[in-house]
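Single-structure report; data block below.
Note: hydrogens, waters and symmetry copies are ignored here, and every other heavy atom, side chains too, is used. Proteins get letters first, then strands, A, B, ... in listed order; numbering begins at 1 in each.
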Amino acid sequence: MSAQDTSGALALNVMNFARLLRTAGLPVGPGKLLVAIEALEVIDLTRKEDMYWALHAVFVERHSQSELFAVAFERFWVSRPSAHEIASLVDKETTPSSSHQGPALPRRVADAMVEAGLASSAPINEKNIEIEVSDTWSAKERLKSTDFESMSIEELTATRRIMADLRLPIPELPSRRFQPHASGRRIDMRSSLRSTVRAAGAIDLKRKRRVRRHPPLVVLCDISGSMEAYARMMLHFLHAITNDRDRVHTFLFGTRLTNVSRHLAHTDPDIALARVGLAVQDWSGGTRIGETIASFNRRWSRRVLGQGAVVLLITDGLDRDGGTGLAEEMERLQKSCRRLIWLNPLLRYKEFSPKSAGIKAILPYVDDFRPVHSLDSLTDLAEALGKASDLRSWPRQ
Amino acid sequence: MPNSLPATIDETDALLRGGGYVPDRSLTTAAFLSLKLTRPLFLEGEAGVGKTEIAKVLAASLGRKLVRLQCYEGLDITSAVYEWNYPRQMMAIRLAESGDAHDKESMSANIYGEEYLVERPLLSALRPDACGPPVLLIDELDRTDEPFEAYLLEVLSEYQVSIPELGSVRAETPPIVVITSNRTREIHDALKRRCLYHWVDYPDAERELAILQGKVPEAAASLSRQVVAAVQHLRDQDLFKPPGIAETIDWTRALMALDKRQLDRQGFEDTLGVILKYQDDISHVRQRAAEDALAASSSAK
């Protein structure tokens, strides 16, 4: 076999491997394919390890994709399928056959598949959903329990109107960037000089001021049994707010924490909600607030609370664990964010007294408490959040 | 004297080791490809695992200039790319006005010349250097904001900076670019797509010992082994911030400053603040893990 043929076969293999990765949900475009072929040309292919890490460096974009890549690599390159098997492997991956040829995917890889698969911009379809079904858990069952009614056009327009009017109790903050402004406090030297040259010597001072922008928003939303009635509305709210402004991160929790920011980022609310329905595994179950806040603090707080984020906690505070360990975690959460707002949608009585252990544990660490007496629509939700009464307490004492 | 670029992964490994960095094969492969394919190397990982060090070692062992851009919130073009020297420009205008010889046209052309330009890291990394293209380290990219990331996208795809008043500056040979991130926020996919990605993980015991012996050669071998064993054990604990390699090195130096030849209970307690930086972690370890860590280290004697 000539060198030409060898590299041709290699290119074909890499192409098929890229297809496999793409089907599994990694964002692999044609540009990366070319880089991968280029990369394999400059390394010693007899060392499998080098080949692994070379392809890894090209195809993997985030740490969470590593495990998925490992499984795909093992299946494609190490199990050494024959030429015609390679072609069928890609198809086999996409067919909804229940008889998996390889070993059952570990749970975390299955999770990663969901995350990566849904993160890609490809529209969701039957095939895509089916490969995410691993032997360990059933996606269909969860889909059934989270079958959101699709949004009517009236609902959609109403939502847009509400979102346009919504004012969260979060003032915009001065950023460190400047924009030209006629009565700004600072002199914009660059444009002043430019206009001076243009005006042939007469000094014309231009001014600038700080750009003001929303701080990042992190939403932690309870989706346990007691909150079930509000799930659809909450998700519509979260979807709208995610698409309305930048730097919004959304987490749903019942007994475990799920980051759904990427799933909610799809502009179509129905597709976004369907994706969330797939990604979350603990709909309408119990609540472990302490444990989930703890896992947020460990795994996410440094990644999403970095730039002075405001945290919006939506929960009824009814905790299955009776509030054990909750106070410590709430304290840490409050200390690591700019401001902690608690929206409690289940307080139907005006004479609120914190009886449940969970509520007692949360309350001392909240900067802004927003009980809602009746919550039937997005308008109520927006009103509850938009009340200006608590702005006095800004910033935190 | 500038060295030539490594031609194989093994040469890259030797190059990094020669510079005092102990890489694992995955990192070496990514670094080699980055040099070979002239693509930016995107390093992500927890604080203190040696991301910045890679760029420093690359620059030193290749004999290239290291241009470092430390990112922070609000980093803008005037502090990252270039700025006009306004006082000098003003002066030039005043001088031009006082003398009659210069007409206005030539003045406006002159005050936007190279001599009035203040170069910042990104621009200076594109300029040719006697030692070859420099190593551009864009450190802690996650600290800056999205607008700057978008700007960087343009610079890194074309290796070109356009200055409206002057024209564009293009690198003849692209610099070696190393980007690091502590993952305090997600970097946009568009930027990552142009880079070779590598997650820098905590090293295993063997590699950590090699790093420690390279960095603190004066430490007794038994102390180094104990420290590494204890740190490896602590990383398995449920901690808010597990200690990085930087902490391991600091801890060894701290123990040596206290004239410790062995890691004993007293020394461990006294120096806990060197490796753990959160009160919760410290009290957690004090209560539960101290005995275990000591047991692990004594078995490594």
Under a 4.0 Å N-O cut-off, is there an ion pair linking [X] with [Y]?
X	Y	value
R332(A)	E328(A)	no
K277(B)	D281(B)	no
R25(B)	D50(A)	yes
E73(B)	R177(A)	no
R190(A)	E83(B)	no

Looking at [options], which one has more heavy-atom pairs under 4.5 Å with chain A than the rest?
options	value
T29(B), T184(B), L75(B)	T184(B)
L41(B), T28(B), T8(B), D238(B)	D238(B)
Y72(B), F42(B), Y278(B)	Y278(B)
P147(B), G74(B), S26(B), G45(B)	S26(B)

Looking only at heavy atoms and a cut-off of under 4.5 Å, which of [options] has the most pairs with chain B?
options	result
L305(A), N297(A), D44(A)	N297(A)
F178(A), W53(A), F59(A)	W53(A)
I43(A), V304(A), D246(A)	I43(A)
S192(A), S301(A), P216(A), A54(A)	A54(A)
L193(A), V60(A), V58(A), V35(A)	L193(A)
R176(A), H63(A), R298(A), M189(A)	H63(A)

*Per-residue contact mode, R210(A) against chain B (heavy atom under 4.5 angstrom)*: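 Neither part, no heavy atoms under 4.5 Å.
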_For N182(B), run the side-chain hydrogen bond (donor to acceptor under 3.5 Å, both in side chains) check against E46(B), R143(B), K51(B) and tell me which one passes._
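The side-chain hydrogen bond (donor to acceptor under 3.5 Å, both in side chains) with N182(B) is passed solely by K51(B) among E46(B), R143(B), K51(B).
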*Check ring pair (Phe, Tyr, Trp, His ring centres under 6.0 Å) between H188(B) and all other residues, then give those that pass, not counting sequence neighbours.*
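Partners of H188(B) under the ring pair (Phe, Tyr, Trp, His ring centres under 6.0 Å) test: none.
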*Who passes ring pair (Phe, Tyr, Trp, His ring centres under 6.0 Å) against F296(A), sequence neighbours left out?*
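Expected list: F251(A).
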*Check whether any side-chain heavy atom of L33(A) lies under 4.5 Å from a side-chain heavy atom of V14(A), and answer yes or no.*
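Touching, per the 4.5 Å side-chain cut-off.
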_A side-chain contact here means heavy atoms from C-beta on lying under 4.5 Å apart; do D142(B) and E140(B) qualify?_
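Sidechains of E140(B) and D142(B): in contact.
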_Between F69(A) and Y52(A) (judged by ring centroids, cut-off 6.0 Å), do the two rings come close enough to count as a pair?_
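That pair passes the under 6.0 Å test.
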*For R47(A), enumerate each residue passing the side chain to side chain donor-acceptor pair (under 3.5 Å) test, keeping only those at least two apart in sequence or located in another chain.*
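Result, side chain to side chain donor-acceptor pair (under 3.5 Å) vs R47(A): E49(A).
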_Quick check: under 4.5 Å, non-hydrogen atoms only, which of residues 189-196 of chain B neighbour chain A?_
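Within residues 189-196 of chain B, the residues that come under 4.5 Å of chain A (heavy atoms only) are D189(B), K192(B), R193(B), C195(B), L196(B).
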_Region of L239(B) that comes under 4.5 Å of a non-hydrogen atom in chain A_ =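 Contact with chain A: backbone only.
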